[in-house]
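Source: prediction; values computed, not measured.
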Number of protein chains: 2
Amino acid sequence: MSNFEVFFDYIQEISGKLLSEDDKRLLMAHFKPRKLRKRQYFLQEGDVCKYIGFIVKGSARTFTVDEKGHEHILKLSLENWWLADFESFYLLKPSRFNIEALEDLEVLQSTNAQIEEFLKQIPAFSAMANVISQNYTIANQKRMQAAMSYTAEERYEDLISNYPQFLQRFPQNMIASYLGLSPETLSRIRKNSFK
Amino acid sequence: MSNFEVFFDYIQEISGKLLSEDDKRLLMAHFKPRKLRKRQYFLQEGDVCKYIGFIVKGSARTFTVDEKGHEHILKLSLENWWLADFESFYLLKPSRFNIEALEDLEVLQSTNAQIEEFLKQIPAFSAMANVISQNYTIANQKRMQAAMSYTAEERYEDLISNYPQFLQRFPQNMIASYLGLSPETLSRIRKNSFK
DNA sequence: AAATGCACTTGATATAGGTCAATTCACGAT
DNA sequence: ATCGTGAATTGACCTATATCAAGTGCATTT
């Protein structure tokens, strides 16, 4: 299946609507395929996030670096997820985040101005945007609650049940950072839960 | 200014579009005013969040209670904010949250089905929804980053600069809980930063 | 096969922030 | 004015998690 077929299926499935041939032509004309090798950056801190990318293949992490040089992973992303720093993308502000490919990465990317066009012209695209926005809001609410009310161990168990794929796809130190833990602490948590 | 005038101004300002007289009639027909006294609940854990409320006056907190009986405040809300547990509201699932009035509260409320209608029929309403969704996404991203990378003191300073009104409107123990801190810790942080 | 480099583990120690208990403060109700 | 209640402060102590340092196991490169 080609990259665009994957993408079209995704839109139709999430939105519950069909794309016309015209819709598909429009999307193909303005979403550009882009490939990144592992370790390459989709976005660097300080740059404006001009593109939003739909991940067709591979994985990425969104992270900040604090004054002490410590990295904090905010988001881990896999196939069929969208990749962007939304604050920078919507407001055209320089980003405080880095987005780096953790595996070889293939995305379909487009600009904010184009997305506005798709929203106006393609009903399935706009329906998809609404569903995604709902899902994001819900996921954020959950994650925030987990961060505030759960212990390290509970957050790890939560991750296992909500995103079991993460354990296969991401190294443990990345998962630790995503959970807001040091790699040592995650290692000890795993040791204890196996006994 | 009446409740609805406040509401209409808000929609027009956020969306950048004007409401027609028909639009206004439609909104007035399906947003119901509701008043809650301080301490009353807008939503109780276990119930489905049937209504979304627009706060015209007053304030509220959204919180969970963990197994140890500790409360965790996820959201503090003031005038011109929306009040709902979106997970429960969108998915019609029983809520894990409580929403309680912290001051006497006046909201305009409506149901999910009605909101869908407004989105279809009122361009300004739908434009507003898009802007709000962007703002939420950005605010969530920021708050998550703060929770993961900042110390307690930095989070408090962040709050002071982003939401100075909170200090006037909410008691310190609520703010502590919102920041994920014990009241004692927040008290000590304030003491230190005054020296 | 040796060498290099990472991810992961393990142990010892440090620290931010939590918990518990006592005290003071503010204010609404009588 | 006084009482009562809940908020805020303060001190002593505790705990979860971070930090630092050393060691182990595996791939990848040479």
Using a cutoff of under 3.5 Å, can you pull out all pairs of nitrogen or oxygen atoms linking the protein to nucleotides 24-30 of chain D, with atom names and distances?
none

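- Scanning for side chain to side chain contact (heavy atoms under 4.5 Å, CB included) contacts around B:A127 gives B:S15, B:K17, with sequence neighbours left out.
- Residue A:F42 is tested with A:I55, A:L83, A:N98 for a side-chain contact (heavy atoms from CB on, under 4.5 Å); the sole match is A:L83.
- In this structure, A:F170 and A:L78 have side chains that are in contact, with non-hydrogen atoms separated by less than 4.5 Å.
- Across the protein-nucleic acid pair, A:K68 atom NZ and D:dA18 atom C1' stand 11 Å apart, rounded to whole Å.
- A:L186 CG to A:N173 CG: the interatomic distance, rounded to the nearest 0.5 Å, is 9.5 Å.
- A cation-pi geometry, defined here as NZ or CZ lying under 6.0 Å from the six-membered ring centre and within 45° of its normal, does not hold between B:R169 and B:Y163.
- Here B:N112 contributes atom CG and B:F86 contributes atom CZ; the two are 10.5 Å apart, rounded to the nearest 0.5 Å.
- Rounded to whole Å, atom C1' of D:dT17 lies 18 Å from atom CZ of A:R190.
- Remark: aromatic rings of A:F54 and A:F31 are distant, center separation not under 6.0 Å.
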Using side-chain contact (heavy atoms from CB on, under 4.5 Å), reason through B:V107 and B:Y51 one step at a time and then give a plain yes or no. CA-CA 10 Å; B:V107 301; B:Y51 301 105; over 6 Å; no
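- B:R190 contributes atom CZ, which lies 4.0 Å from atom OH of B:Y156 (distance to the nearest 0.5 angstrom).
- What separates CD of A:E71 from P of D:dT19 is a distance of 13 Å, to the nearest Å.
- A donor-acceptor contact shorter than 3.5 Å is absent between the side chain of A:S126 and the backbone of A:I122.
- A salt bridge does not link B:D158 with B:R155: every distance from a Lys NZ or Arg NE/NH1/NH2 to an Asp or Glu carboxylate oxygen is 4.0 Å or more.
- A heavy-atom distance below 4.0 Å to DNA chain D is reached by these residues of residues 146-155 of chain A, ordered by number: A:T151, A:A152.
- Contact check of residues 178-186 of chain B against DNA chain D (heavy atom, cut-off under 4.0 Å) returns B:E184.
- Of all nucleotides in DNA chain C having an atom under 4.0 Å from a heavy atom of chain B, the first and last in 5' to 3' order are C:dG17 to C:dA21.
- Within residues 156-177 of chain B, the residues approaching DNA chain D are B:P171, B:Q172, B:N173, by heavy-atom distance under 4.0 Å.
- Across all non-hydrogen atoms, the minimal contact from B:K38 to B:L102 is CG-O, 3.3 Å.
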